[in-house]
Student: 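Sharing a structure with you now.
What's counted below: heavy atoms across the whole structure, side chains too, no hydrogens, waters or symmetry copies.
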Amino acid sequence: MPFIPHTEEDIREMLAVIGVDSIDELFDEIPPGLRCGTLDKIPEGLSEMEISRLMQARAKEDGQPLCFIGAGAYDHHIPAAVWQLATRGEFYTAYTPYQAEASQGTLQLLYEFQSMMTALTGMDVSNTSLYDGASALAEAVLMAVRANRKSKSKRILVPRTLHPSYRKVVDAIVRNQQIELVEVPYDQVSGRTNLVELDGFSGEDFAALVIPQPNFFGVLEPVDELTDWAHANGMLTIGVVNPLALAILKPPGEWGVDGADICCGEGQPLGAPLASGGPYFGILCSTQKLVRQMPGRIIGRTLDLDGKTGYALTLQAREQHIRRSKATSNICTNQGLVVTAATIHMALLGAQGLERTAAACLASTQKLTEALTSLQGVEPVFEGAVFHEKVLRLPISPKDALKLLAAHNLLGGYDLGGEYPELGNAVLVCATELRTDDDIETYRSKLERVIQTQIQTPCQLKPDW
Amino acid sequence: MPFIPHTEEDIREMLAVIGVDSIDELFDEIPPGLRCGTLDKIPEGLSEMEISRLMQARAKEDGQPLCFIGAGAYDHHIPAAVWQLATRGEFYTAYTPYQAEASQGTLQLLYEFQSMMTALTGMDVSNTSLYDGASALAEAVLMAVRANRKSKSKRILVPRTLHPSYRKVVDAIVRNQQIELVEVPYDQVSGRTNLVELDGFSGEDFAALVIPQPNFFGVLEPVDELTDWAHANGMLTIGVVNPLALAILKPPGEWGVDGADICCGEGQPLGAPLASGGPYFGILCSTQKLVRQMPGRIIGRTLDLDGKTGYALTLQAREQHIRRSKATSNICTNQGLVVTAATIHMALLGAQGLERTAAACLASTQKLTEALTSLQGVEPVFEGAVFHEKVLRLPISPKDALKLLAAHNLLGGYDLGGEYPELGNAVLVCATELRTDDDIETYRSKLERVIQTQIQTPCQLKPDW
Amino acid sequence: MLIYEQSRPGRHAPAQAPQEMADLSAIPESLRREQSAKLPEVSEMQAVRHYTRLSQKNFSIDTHFYPLGSCTMKYNPRAGNSLASLPGLLARHPHAPETHSQGFLACLFDLQEILKQVTGMHAVSLTPAAGAQGEFAGVAMIRAYHDARGDAQRTEILVPDAAHGTNPASAVMCGYAVREIPTGSDGDIDVDALKQVLGPQTAGIMLTNPSTVGVFERRIEEIAQLVHAAGGLLYYDGANLNAILGKVRPGDMGFDVIHMNLHKTFSTPHGGGGPGAGPVGVSQRLEPYLPIPMVDFDGHDYRWLTEDDRPHSIGRLSAFAGNAGVLIRAYIYARMLGRDGMHRVSEFSTLNANYLLKRLMEAGFDAAYPERRASHEFILTLKRQAKELGVNTMDFAKRLLDYGVHAPTTYFPLLVPECLLIEPTETEAKEELDRFIEVMQIIQQEAQTDPEQVKQAPHSLPVKRLDDVRAARELDLTWVK
Amino acid sequence: MLIYEQSRPGRHAPAQAPQEMADLSAIPESLRREQSAKLPEVSEMQAVRHYTRLSQKNFSIDTHFYPLGSCTMKYNPRAGNSLASLPGLLARHPHAPETHSQGFLACLFDLQEILKQVTGMHAVSLTPAAGAQGEFAGVAMIRAYHDARGDAQRTEILVPDAAHGTNPASAVMCGYAVREIPTGSDGDIDVDALKQVLGPQTAGIMLTNPSTVGVFERRIEEIAQLVHAAGGLLYYDGANLNAILGKVRPGDMGFDVIHMNLHKTFSTPHGGGGPGAGPVGVSQRLEPYLPIPMVDFDGHDYRWLTEDDRPHSIGRLSAFAGNAGVLIRAYIYARMLGRDGMHRVSEFSTLNANYLLKRLMEAGFDAAYPERRASHEFILTLKRQAKELGVNTMDFAKRLLDYGVHAPTTYFPLLVPECLLIEPTETEAKEELDRFIEVMQIIQQEAQTDPEQVKQAPHSLPVKRLDDVRAARELDLTWVK
Ligand SMILES: Cc1ncc(COP(=O)(O)O)c(C=O)c1O
Ligand SMILES: Cc1ncc(COP(=O)(O)O)c(C=O)c1O
């Protein structure tokens, strides 16, 4: 019986103590008619050897294509130490640290995490994670609506340059509370949020303005202007940031005159592998003023009976297990293990390591842009400075191009046709520090052939080189 | 400076304390003429990202061929827990447990290992490893020569059925002490050591008889008869065993009337991955009488000042760090980490798990034999019962066959032509519990084609299917 | 010592970063950071040593008995981590095309099917990232259902007073008002009280069965009928699925929607606070509203179901597809269990709980519901000890830590005073249970003879009892030099 | 508690074994086992919990400062383990053909080349499994060399009295008599004494430089000349290579043969006792005798060199090619260091040692060789403390454990009474050294004011001081029920 330690003798003794004849008798409070039979359609159990074989085959099936997609998930070097340590049983198999004295390892680590996140974002306080970047933004929006006492509207300004999935997730989560997201258009030349059009909303009642940095196109937004505009108009500002980019970019706490009020983002670039999109973790930081509006776990440093330093969950009165229907959020389980990894990751890289990584990404994307735009008909779509990724226009349909590239085990980027049809044949490409010059040349030469072939014989189904 | 924690300030302060101006000055006792310059031919340092890329490429280069080779190293299922636990920093980065109180983890584990090995072998005592199976046999031979007071000859009887590399290693190690290995032939029908020819050595002075079980051909030796014969002739017996096979085979401690005196073997099947041949570990067990002749570390259970149980290195007076030139061996560092893994492996599998694994190997090899001998011209060479592997005769040159199979990413076995030319076109094949029916069918069908092609157009260099 | 306290200006772990600093001039000055972020500056070894030692300060399943009620702290098979970390799985980009995702999608699809089987639901979406997000999704679907029917008057979700805090909080996140239903003295819901509050304003009820008081709700069929008759839907909080896996299925009990906590029942690790996975299953009428993405299989290929396929979906809950790595671990566990293993989970977790309950009662402890069978967990109340000896549940809990046992859940559910919610799980051996009983008896003894010993506990942990009040009053949330 | 004490008949971890027991009838009854081996019968979780908890009872580099002299306990980069465990490397069978081994062989070949560079030797064989096997191989080559020249009278190997125990033991394993050379009061070898024993019976001398007393042998050139003039060869015990990496090369000092401890200098982990790797390097005249296999590269392909290529080889030392996985780890480390990193190893290990020595002397401790530079390690003698306070080196060592510092090497080398051989290594930060100094001072204080506290140490470890005598006298080497 895998994972069951009971011997026949144990079972006999235990049943005797309880005073029943069989294990089945223990289920006698379940109305007999409801008892289910065997679970026939579930396959029989596999040994570890068998499941290993199966999973190895499946993992192999998906290949390991050379990847130039970013679009919210980025392929970075993760020090070997990070997950070797994070998966130590004591971290990996502990619960949420409800018994502080028996969880000082996790608690101190989380306090360090909070310190690192506030250092990176320039904000006052940090929680210890939400599910992911998108759901973190949803919580930030709810927080802003609660916190902005001046606003009555339950409306939020959201730039169209924000990651489309984030817009969808936020909408799915907040619309049940009658919160409305209002789209702010972008400038077709720079790829930035259009300040002029934004100004059209001046004087209207919005609880907050969302500011992505970089935005979904990789383009850097004019965060100072946006922040100051929002504040001038009685709105809170919510930064949506890439924490790795913050190693070199102005932190939200310093945006504009007063800094952002809330900042959130996807923690994945800090030590989480791509892994099909999760588990990652959502970052949420804010000003001290808003700390009691924060959702999620927060760790405080305190003293024990002997006056020795220790760490514990704090401000629990915000949380569902104490406050129930009046809690700041329903979140309970968060992304603790990934946060553990991220904390170790940041300790290992330090500010310098993150800066170098960010700068290397910048350089890679620049090289990639140069290599690809050297091809006839491939050109950058926007002028603005970028981080991590770049929008390029192709001379052929991105859908076909990406498909043909994939057939050659290369993932060429994210097709913007679905979400941003106004951009024409646009594709979002990304090269992190892991992509070498050789990799970039591989992409260039494959794309060259794909374009040639497609222009000569468009829509050919099976390329024959 | 990778791995160097010193800041500029640290260096300055430390030099000032020492009273020198530069680090270089600390090397001033080295005669200047001897100081070497830069190490130009060594490449520049790589970051972890770069070395990861290099090693990934190299690991990939070697493919992961479907493997039917055994010949001393066997591909078994290793529970995921085994190496996750063994590579925990506290096991992985500890030294030999010289400070017992600070090493109770390793010491208790090693005591458990000794208990498991004696349980498996039926011997009284076990050390905590030698380098590998072959060097363990060399130490066993040295031990026998020291221990057999009746024998003056420094001669050892070694069957030709013993792994050829073991014979070479033992010779390389013991010949410097003028110990002579005398070969015992085998029976060409059964594949076992020839008892009649062995009897020819009756009455001669030998310190010990080596008994492999199973032997290099996979064939099971008549261990009872061999043991009794040796004892009757004043020799000690040294079993060379596969510890996994011992889950189902009679343990050396029960061979013949009195049991073997020493037993050694390769520990690899107990949780060590193939990994190009190492690190594995050598097993060495003996009767209680011989314990003071044992080489290597031995752990004893003892008490602390409060009378509490604890564990410590014991009988250190046998060892080089105490006894120097009079030690039982020069061994110091052994294979501790692999022993750690093996202990966890045995705890997880238990006797039943090892028995099932051994039985499954038996079944796989039988299936493989049946599948391959269904091909025209492929036939078993020996009659004897086998474990783990089987000698087959091919209708074509094994060298060519194996090469062509390898070109199809299948390793078809070990070519016996080099070491046992008398066997003709013989190849040693192995299928562990990890080889499925599909794998075996793959082998059969590929071999079928190879044979067909070779018989039609022998020695063709590039097969064209 | 904090990692920050080991930091020295200019110290690094340079093997972990690109060897050179590339040019930043492409970024306008005004958008750049002026000062480096204050992250710790330590060597690689310092980081490794620090976090290794920190880890040793945790209790965990891999080191301690952890009978934390409602949390299902059972063994997390180590193969889950190894196999979910296969290079092919770790390297897969979430936007990889379906041509390069068949292996991964096959796992998700199979998992959907398995979860349908064990819950008796019609369809499953895996995407919620944890139990609470599953609850949100479930209640949002209830809302979508009523909305689609134009049934706008249903503004209330009913929740038993014993319910987990996420239940009311999730209902509120979906824009509902919450009304509590009392629990009867036998542990079952007070059906009369329920009847009184059911009405046209009832959108649904959130239950868990066995309930969070650790007993099976015997009148579940009647409750289902009542709620349905009132036009409401039934939500099943599947955090307690461990208790009934293979024994009774929420779908068969009449539930319309359920979330599961894979990080409990399907034994993916908790990681000191997550990640989890909270798939939702629904009856046929709620299927159109399931959150996306989901995975479909046409007999040849696996593919994502998205907005286009599911226009009525409540939408997306995460940027990609939830906690994929957790789903993979759960899938591995489910396949290792297989059909028979599913039954064993509930059988042995129930056996352990009932044995422990019986022996603790024999030892003189008071059960909250002494007449009832325990499910996979049960409640003791230390009301008597608190009153007679001045030693309360918190004290017992802290003293357990000294004996190397993680405390059970304390003071939850709220309706039982001075309670301990104890869930041994099926993976603990009888000896471990016996030791727990022994330790509880020792502490009871200590409470009588040396109460201060208990009230000052723990004594042998890295810290003594911590001052929570101070933590909240003198907020110290980040390191400042 | 032993794992055996958690064992119960019939308990298993069945996920780890084939689900069924296959037929054994192919094996004759007489060769079969009658009773199952007495291995522990535990659940998977019990095993995981047991060994996780056991591990926590160890000091290790990842948890503690570990200044164990001669053992070079420095940081073991974690990438070594991850990369050596890549599936392609772990799955490679040792008999895989060269067509399927080019990646692996390239690593070994590169490593051979790097080791040649840093040692200044002409050729390298990687196959010895640890330092002692390297020594054996080295001395066996010396023997093969003399034998090949028909020089049969050379029966003696010279070894300094300070030498590591493996040196004389290895010489004896090669059939040599061992003669000890005394060390002078300045820590260098007594060259006059050496001159007196050199002669036609001298096969060679085994040295390590810096020597095991932690100083550089200044007259090494003269010694080399003397030994060579007498017809002997010079063996270099490379366990101390950490001290001189990139600074001075054994080949340039006149050594004919050297072994290296990759598990020290090249930072592969010690694993609680191994595995190691002890490659040997030789000058041109010994090249034919190198142990096999070795790796060759013709500009296109890598291939094994075996008996056929190297008929004069001393032969094979292991069934395959030594501890391949350790070699891979060492290779990874060497490539991460690169040429400049090699220099830094010796520079900072020497800086740390000299700093520590100086500060400890200032704090009143006695250096064994106060006039000398420390190399990467140095010796204190506590003779004075032992005489005046009755607190000896063992007591200091055990008390250090209480302060979370692993004890330095004690009572080695034998010639210095009450000695501590202290090797901080280059990967420890100054703060860690400062803390060691502080702790040493505290213990010195305790030795004066409360000697029993020190003599009874340790107090805070899983066990108190263990009775070694009892362990050896009342042998208890295996668990018996
Ligand atoms: C009964 C019950 N419901 C819901 C939850 C919430 O699940 P999660 O923590 O995954 O959000 C939990 C667990 O904490 C629970 O025990
Ligand atoms: C100086 C010296 N020589 C030789 C050895 C022997 O090396 P090994 O333990 O790898 O056999 C050691 C290490 O123990 C050593 O310190």
Side-chain angles (χ1 to χ4, degrees), chain B residues 5 10 14 23 26 29 39 42 44-45 55 58-59 61-62 79 85 88-90 92-96 101-102 104-106 115 119-120 131-132 134 165 168 172 176 273 276-279 300-302 304-305 310 314 320-321 324-325 327 330 333-337 347 351 353 356 359-360 363, chain D residues 16-18 22 36-39 47 51 54-55 57-62 79 83 86 88-90 92 94 103 129-130 132 165 168-170 174-175 178 216 269-276 315-316 318-320 323-324 338-339 347 350 355 429-430 461-464 466 470-471 476 478-479:
Chain B
D10 289 338
M14 294 170 82
I23 293 182
L26 299 174
E29 291 190 358
L39 299 167
I42 296 180
E44 286 190 48
M55 293 306 295
R58 289 198 168 161
E61 203 180 331
D62 295 348
L85 294 173
R88 283 173 58 84
E90 301 94 318
Y92 190 64
T93 72
Y95 202 78
T96 300
E101 297 84 358
Q104 286 296 298
T106 286
S115 304
L120 216 42
Y131 303 129
D132 76 342
S165 294
K168 289 179 194 166
N176 293 297
S276 298
R301 178 153 65 169
T302 184
D304 75 0
L305 282 180
T314 195
Q320 46 72 31
H321 63 285
R324 304 179 67 84
S325 64
N330 68 340
T333 291
N334 56 26
Q335 305 290 111
L337 187 69
R356 288 186 176 197
Chain D
Q16 300 306 340
S36 286
K38 285 245 171 317
L39 296 183
Y51 290 108
L54 266 195
S55 78
K57 295 187 180 175
N58 271 1
F59 279 35
S60 67
I61 276 294
D62 278 9
L83 297 175
L86 286 168
L89 292 174
L90 281 193
R92 190 182 163 279
S170 297
C174 288
V178 169
F216 190 84
H270 284 274
R316 291 181 179 267
S318 54
F320 303 106
N323 284 331
R339 66 170 78 112
E347 288 170 4
T350 303
Y355 172 76
K430 177 170 173 294
L461 273 78
V463 290
K464 300 215 166 167
L466 288 166
R470 180 193 168 98
D476 173 353
T478 59
W479 179 84

Student: Give the minimum heavy-atom separation between A351(B) and S36(D), together with the two atoms involved.
Tutor: CB-CB, 4.1 Å
Student: With side chains defined as the heavy atoms from C-beta onward, is the minimum distance between L86(D) and R58(B) less than 4.5 Å?
Tutor: no
Student: Please look at L85(B) and chain D and tell me whether the side chain, the backbone, both or neither of the residue comes under 4.5 angstrom of a heavy atom of that chain.
Tutor: side chain
Student: Out of A22(D), G103(D), G338(D), return the one with the most heavy atom pairs under 4.5 angstrom to chain B.
Tutor: G103(D)
Student: Measure the shortest side-chain to side-chain distance between T96(B) and H270(D) over non-hydrogen atoms and say whether it is less than 4.5 angstrom.
Tutor: no
Student: To check you understand the geometry: which heavy-atom pair defines the closest contact between P462(D) and E101(B), and what is its length?
Tutor: CD-O, 3.9 Å
Student: Among A132(D), A37(D), G315(D), which residue has the highest count of heavy-atom pairs closer than 4.5 Å to chain B?
Tutor: A132(D)
Student: Select, from A59(B), A134(B), P273(B), the one with the greatest count of heavy-atom pairs under 4.5 Å involving chain D.
Tutor: A59(B)
Student: What is the distance from atom SG of C174(D) to atom CG of N330(B), rounded to the nearest 0.5 Å?
Tutor: 8.0 Å
Student: Relative to chain D, which segment of A360(B) carries a heavy atom at a distance below 4.5 Å: side chain, backbone, both, or neither?
Tutor: both
Student: Kindly say whether A319(D) contributes a backbone atom to a donor-acceptor pair with the side chain of D132(B) at under 3.5 angstrom?
Tutor: yes
Student: Say you draw a straight line from OH of Y131(B) to CG of N323(D); how long is it, rounded to the nearest 0.5 Å?
Tutor: 9.5 Å
Student: Measure the spacing between CD of E29(B) and CZ of F216(D) and express it to the nearest 0.5 Å.
Tutor: 9.0 Å
Student: What distance do F320(D) atom CZ and S165(B) atom OG have between them, rounded to the nearest 0.5 Å?
Tutor: 6.5 Å
Student: Is E61(B) in contact with chain D via its backbone, its side chain, both, or neither, using a 4.5 Å heavy-atom distance?
Tutor: side chain
Student: In Å and rounded to the nearest 0.5 Å, what is the OG1 to CG distance from T302(B) to L466(D)?
Tutor: 6.5 Å
Student: Counting N and O atoms only, with roles assigned by atom type, does the side chain of E90(B) sit under 3.5 Å from a partner on the main chain of K57(D), one being a donor and the other an acceptor?
Tutor: no
Student: Less than 4.5 Å to any heavy atom of chain D: does that hold for the side chain of I23(B), its backbone, both, or neither?
Tutor: side chain
Student: Taking side chain as everything from C-beta outward and backbone as N, CA, C, O, which of these in S325(B) sits under 4.5 Å from a heavy atom of chain D? Side chain, backbone, both or neither.
Tutor: both
Student: Pick from V463(D), L39(D), D476(D), L83(D): which one has the most heavy-atom pairs with chain B under 4.5 Å?
Tutor: D476(D)
Student: Of the listed residues (L305(B), T314(B), T106(B), L26(B)), which shares the most heavy-atom pairs with chain D below a 4.5 Å separation?
Tutor: L26(B)
Student: Which heavy atom of G105(B) sits nearest to which heavy atom of N58(D), and what is that distance?
Tutor: N-OD1, 3.1 Å
Student: Under the side chain to side chain donor-acceptor pair (under 3.5 Å) test, which residues partner D10(B), sequence neighbours left out?
Tutor: T7(B), R11(C)
Student: For E44(B), what residues pass the salt bridge (Lys or Arg N to Asp or Glu O under 4.0 Å) criterion, not counting sequence neighbours?
Tutor: R339(D)
Student: Would you mind checking which part of V178(D) comes under 4.5 Å of any heavy atom in chain B, side chain (CB onward), backbone (N, CA, C, O), both or neither?
Tutor: side chain
Student: I'd like to know if the side chain of D62(D) reaches the main chain of T93(B), judged simply by a donor and an acceptor atom lying under 3.5 Å from each other, with no hydrogens or angles considered.
Tutor: no
Student: Going by heavy atoms in the side chains, are M55(B) and L89(D) under 4.5 Å from each other?
Tutor: yes
Student: Answer yes or no: does atom NZ of K430(D) have more than 12 heavy-atom neighbours from other residues, nucleotides or ligands under 6.0 Å?
Tutor: yes
Student: Kindly determine whether L54(D) and R88(B) satisfy side-chain contact (heavy atoms from CB on, under 4.5 Å), including the steps that lead there.
Tutor: CA-CA 11 Å; L54(D) 266 195; R88(B) 283 173 58 84; over 6 Å; no
